[in-house]
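Below: one structure, written as structure tokens.
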Protein chains: 2
Amino acid sequence: MRKSNKHTKIIEAAITVFAKKGFFSARISDIAKEAQVADGTIYLYFNNKYDILISLFEEEIGKIILEIKLLLENATDPREMLHIFALHHMQLMAEHKELAEVLQMELRQSNKFMKEYRNTKFIEYVDVVSAIIHKGQEEGVFRQSLLPGVFKRAFFGALDETSRLWILSPDHHYTIDETASQISDIFITGIMAKG
Amino acid sequence: MRKSNKHTKIIEAAITVFAKKGFFSARISDIAKEAQVADGTIYLYFNNKYDILISLFEEEIGKIILEIKLLLENATDPREMLHIFALHHMQLMAEHKELAEVLQMELRQSNKFMKEYRNTKFIEYVDVVSAIIHKGQEEGVFRQSLLPGVFKRAFFGALDETSRLWILSPDHHYTIDETASQISDIFITGIMAKG
DNA sequence: GACTAAAAAATGAACAAGCATTCATAAACT
DNA sequence: AGTTTATGAATGCTTGTTCATTTTTTAGTC
């Protein structure tokens, strides 16, 4: 067995192919070719095409969650934590464009064609934000009237859409850091407690 | 010819079917059955399956743009305009859940499988927001440092993701009005000029 | 109004292509 | 020699699209 096993090679190939064509237009043979294995080999590591996508979600989002939680350990101020989350999210998407495209495109429609699949990993990721809001409210830094459940989605949605734009547009008028700061600034200023 | 023509019936059926199954899992025969026409009839009104989706986008977003522009004519304060946009967007999505699902799911991946298609209608919609920001900056109500091109996406992304959550979750903890106010409040407070 | 012929609209069974999945066979390890 | 891993051609199902045929509408004539 090679150092980099086939499972990983196939997942990486799938990211590339799904990013380019989208899940449904992607053929198993495309992924096989990209991973430099035979079509049949894929079925030794995954049950079916859906299973590749699900494994991809679980593994990649799992890594992202570990990273962001580790980064947040160094911060205590909820405002700083929000900024770290924003910056890290944008940087991650910018550095891994193919993964970003797959997550942004396929994640939200995955529950359409895979009825039984609940994406708990994604929920876990977004809940990092609501935890920060909660902490900020307890410390009196953020307004009590804020609904953490609404905020987490609004914040994530803003980051998601902005990073999507950044990836798609060929000429970047602004840097990742500028964009992330712009967004976390708006949100942090917008939710601070009076005084 | 009936009062409601076949073109409209097919578009409406497509919204229902695409919302339930997603574009790729939806069969032409599903749409035909929902529209109460024969499979072949669809090809008298649309060139192919993609064409149904594109027509759906153009026509429905077109209507939405007309509506929001009309509503905004009554307002002059940029802050109020932002709130009107947020509230109207949320209300629209909540009242037309199926359309919302199709737009939220298929819109962003449409450029994946339809390479030649540029969604100008969508861009026009989001540009309504950047126009408001521009106006606010000219009047000195909003910070000059704001990047309207970033803001419009962040604002839209927040609304999009929040309305998506609202539609998906069966039990609504908050009303549409609460949610829209929450978001426009955060953004407006976050972007006001000092003093 | 009734009848008719030409045009337009609608039908749905049949076709053909695409592609996920399988499995008999081969290659690579142990 | 046996076991594991990999191959890729063949299979079979799914489904978008077509088109020969039928139904409906329109327009003209008496």
Side-chain angles (χ1 to χ4, degrees), chain A residues 1-58 102 105-106 109-117, chain B residues 1-58 102 105-106 109-117:
Chain A
M1 172 107 43
R2 291 288 200 77
K3 190 168 65 178
S4 70
N5 67 355
K6 293 251 157 71
H7 179 97
T8 308
K9 271 180 85 175
I10 293 168
I11 291 277
E12 282 167 1
I15 292 173
T16 302
V17 176
F18 288 157
K20 185 148 72 188
K21 300 189 152 194
F23 177 77
F24 282 102
S25 299
R27 280 167 281 146
I28 290 290
S29 58
D30 292 332
I31 299 172
K33 191 192 246 182
E34 180 73 30
Q36 290 176 297
V37 299
D39 294 18
T41 305
I42 289 180
Y43 289 87
L44 300 176
Y45 294 88
F46 301 92
N47 296 324
N48 50 45
K49 198 179 169 186
Y50 295 137
D51 191 32
I52 303 174
L53 188 62
I54 292 177
S55 305
L56 190 162
F57 284 159
E58 303 278 329
V102 176
M105 303 286 137
E106 314 296 343
Q109 63 157 6
S110 59
N111 58 333
K112 273 277 140 58
F113 51 89
M114 301 181 300
K115 277 188 272 188
E116 71 289 354
Y117 177 58
Chain B
M1 172 100 53
R2 291 287 200 79
K3 190 167 67 178
S4 70
N5 67 355
K6 293 252 157 69
H7 179 96
T8 308
K9 270 180 87 175
I10 293 168
I11 290 278
E12 282 167 2
I15 292 173
T16 301
V17 176
F18 288 158
K20 184 147 72 187
K21 300 190 151 193
F23 177 78
F24 282 101
S25 298
R27 279 167 280 145
I28 289 290
S29 57
D30 292 332
I31 299 172
K33 191 192 246 181
E34 180 72 30
Q36 291 174 295
V37 299
D39 294 20
T41 306
I42 289 179
Y43 289 87
L44 299 174
Y45 294 88
F46 301 92
N47 297 325
N48 51 45
K49 197 179 170 186
Y50 295 138
D51 191 31
I52 303 175
L53 188 62
I54 292 177
S55 304
L56 191 162
F57 284 159
E58 302 278 330
V102 176
M105 302 287 136
E106 314 297 344
Q109 63 157 5
S110 59
N111 59 332
K112 274 276 140 58
F113 51 87
M114 301 180 301
K115 278 188 272 189
E116 71 288 354
Y117 177 58

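Every value quoted in this text rests on a predicted model; they were computed, and no experiment measured them. Chain A is the first sequence line, chain B the second, and so forth, proteins listed ahead of strands; every chain is numbered from 1.
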Nucleotide C:dA17, atom P - distance to NZ of B:Lys49 in whole Å: 19 Å

Closest nucleotide among D:dT17, C:dA10, D:dT7 to the B:Asp39 side chain: D:dT17

Atom pair distance, as rounded to whole Å: CD1 in A:Ile28 and P in D:dA9: 17 Å

Nearest atoms (heavy-atom pairs only) where B:Ser55 meets B:Ile11: CB-CD1, 3.9 Å

A:Leu44 CG - D:dG8 C1' separation (whole Å): 12 Å

Integer-rounded Å distance: D:dA6 P and A:Tyr43 OH: 16 Å

Below 4.0 Å: OP1/OP2 of C:dA20 and any side-chain N or O of A:Tyr50: no

Atom-to-atom span, NZ of A:Lys21 to P of C:dG18 - whole angstrom: 12 Å

Geometric class of the B:Phe23/B:Tyr50 ring pair [parallel <30°, tilted 30-60°, perpendicular >60°]: parallel

Rounded interatomic separation in angstrom, taking NZ from A:Lys33 and C1' from C:dC19: 15 Å

Candidates C:dA9, D:dT15, D:dT5 - which lies nearest the side chain of B:Arg27: D:dT15

B:Thr41 side chain, from C-beta outward: closest of C:dT11, C:dT21, D:dT7: C:dT11

Distance, rounded to the nearest Å, where B:Asp51 contributes CG and D:dG16 contributes P: 15 Å

Distance below 4.0 Å between B:Lys6 side-chain N/O and C:dA10 OP1 or OP2: yes

Check: A:Glu106 and A:Phe57 side chains under 4.5 Å, non-hydrogen atoms: yes

Euclidean distance, atom CG of residue B:Asp30 to atom C1' of D:dT15 [Å, nearest integer]: 10 Å

Heavy-atom donor-acceptor pair, B:Lys21 side chain to B:Arg27 backbone, under 3.5 Å: no

